[in-house]
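Position 1 is the first residue of the sequence; numbering continues from there.
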Amino acid sequence: QVQLVQFGGGLAQTGDSLRLSCTVSGPKFSSYAMGWFRQAPGKEREFVAAISWSGESTNYADSVKGRFTITGDNTKNTVHLQMNRLKSEDTAVYLCAAVAVSPVSSGNYYYTLEAQYDYWGQGTQVTVSS
């Protein structure tokens, strides 16, 4: 059984930084590409950032590009989202997601669509106040 556990988040002020982490636990020798999504009250879930299993490929939503950084450690099946220069519009529940991949054929691919992910974390609230 695959489980994603998230850490971090909380309350911040405009301009502050926060860091989110997510660890995948599951079958041994499984490999995952991972991503972050967020959902603000009354809005649809949206893509934030994604990283390939190899860590060599990343992608960001335009709204966070230059402020957020996604990194990963595939030896620990862990992904981090460093969020800098936070804005009030970053307020949302953040969810990490994972999809099992073959390192040989898909190790450098990232995924930006919800439907491409098989597993989801429990979500963590990030609130940015001005």
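Cluster membership check: Leu86 shares its hydrophobic cluster with Leu81, using side-chain heavy-atom separations under 4.5 Å among Ile, Leu, Val, Met, Phe, Trp and Tyr. Note on Tyr94 and Val64: same hydrophobic cluster, where clusters join Ile, Leu, Val, Met, Phe, Trp and Tyr whose side-chain heavy atoms are under 4.5 Å apart, directly or indirectly. Hydrophobic clustering (side-chain heavy atoms under 4.5 Å, transitive across Ile, Leu, Val, Met, Phe, Trp, Tyr) keeps Trp36 apart from Tyr110.
Taking both residues in full, the closest heavy atoms of Tyr119 and Leu4 are given as CB-CD1, 3.5 Å, listed atom of the first, atom of the second, then distance. Closest approach of Met83 to Val126, counting heavy atoms only: CE-CG2, 3.9 Å. Scanning both residues, Ile51 and Gly72, for their nearest heavy atoms gives CD1-N, 3.5 Å. Across all non-hydrogen atoms, the minimal contact from Gln125 to Val93 is OE1-CG2, 3.3 Å. Pairing each heavy atom of Thr23 with each of Lys76, the nearest pair is CG2-O, 4.0 Å. For Ser63 against Arg38, the heavy-atom pair with the smallest separation is OG-NH2, 3.4 Å.
In this structure, Val128 and Asp16 have side chains that are not in contact, with every pair of non-hydrogen atoms separated by 4.5 Å or more. Contact of the Phe68 side chain with the Val48 side chain is registered, since non-hydrogen atoms from C-beta on lie closer than 4.5 Å.
Counting heavy atoms of neighbouring residues, nucleotides and ligands inside a 6.0 Å radius, atom CD of Glu89 exceeds 12 of them. More than 12 heavy atoms of other residues, nucleotides or ligands lie within 6.0 Å of NZ in Lys65, so this atom counts as buried by the packing criterion.
In this structure a side-chain-to-backbone donor-acceptor pair under 3.5 Å is missing from Gln116 to Val99. Side-chain atoms of Ser88 never come within 3.5 Å of backbone atoms of Ser130 as a donor-acceptor pair (strictly under, hydrogens ignored). Counting only distance, with no hydrogens or angles, the side chain of Thr14 and the backbone of Ser129 share a donor-acceptor pair below 3.5 Å.
The SG atom of Cys22 sits 7.5 Å away from atom CD of Gln122, with the distance rounded to the nearest 0.5 Å. A distance of 12.0 Å separates OG in Ser30 from CH2 in Trp53, rounded to the nearest 0.5 Å. One distance of note links CZ of Arg19 with CG of Asn84; it measures 10.5 Å at 0.5 Å rounding.
For residues 103-117, the set of pairs meeting the salt bridge (charged side-chain N to carboxylate O under 4.0 Å, His left out) definition, not counting sequence neighbours, comprises Arg45-Glu114.
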If you apply the rule side chain to side chain contact (heavy atoms under 4.5 Å, CB included), what do you find for Tyr60 with Ile70, and how did you get there? CA-CA 9 Å; Tyr60 298 92; Ile70 187 170; 3.4 Å; yes

Can you check side chain to side chain contact (heavy atoms under 4.5 Å, CB included) on Tyr32 and Val79, steps first, answer last? CA-CA 10 Å; Tyr32 303 95; Val79 65; over 6 Å; no

Step by step, work out the side chain to side chain contact (heavy atoms under 4.5 Å, CB included) result for Tyr109 and Val101. CA-CA 9 Å; Tyr109 293 164; Val101 298; over 6 Å; no

Can Met34 and Thr78 be said to form a side chain to side chain contact (heavy atoms under 4.5 Å, CB included), step by step? CA-CA 9 Å; Met34 301 185 72; Thr78 296; over 6 Å; no

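Between Tyr117 and Tyr111, the ring planes lie perpendicular to each other; the angle is over 60°, past the 30° to 60° tilted range.
Every side chain to side chain donor-acceptor pair (under 3.5 Å) that Asn108 has, sequence neighbours left out, goes to Ser54.
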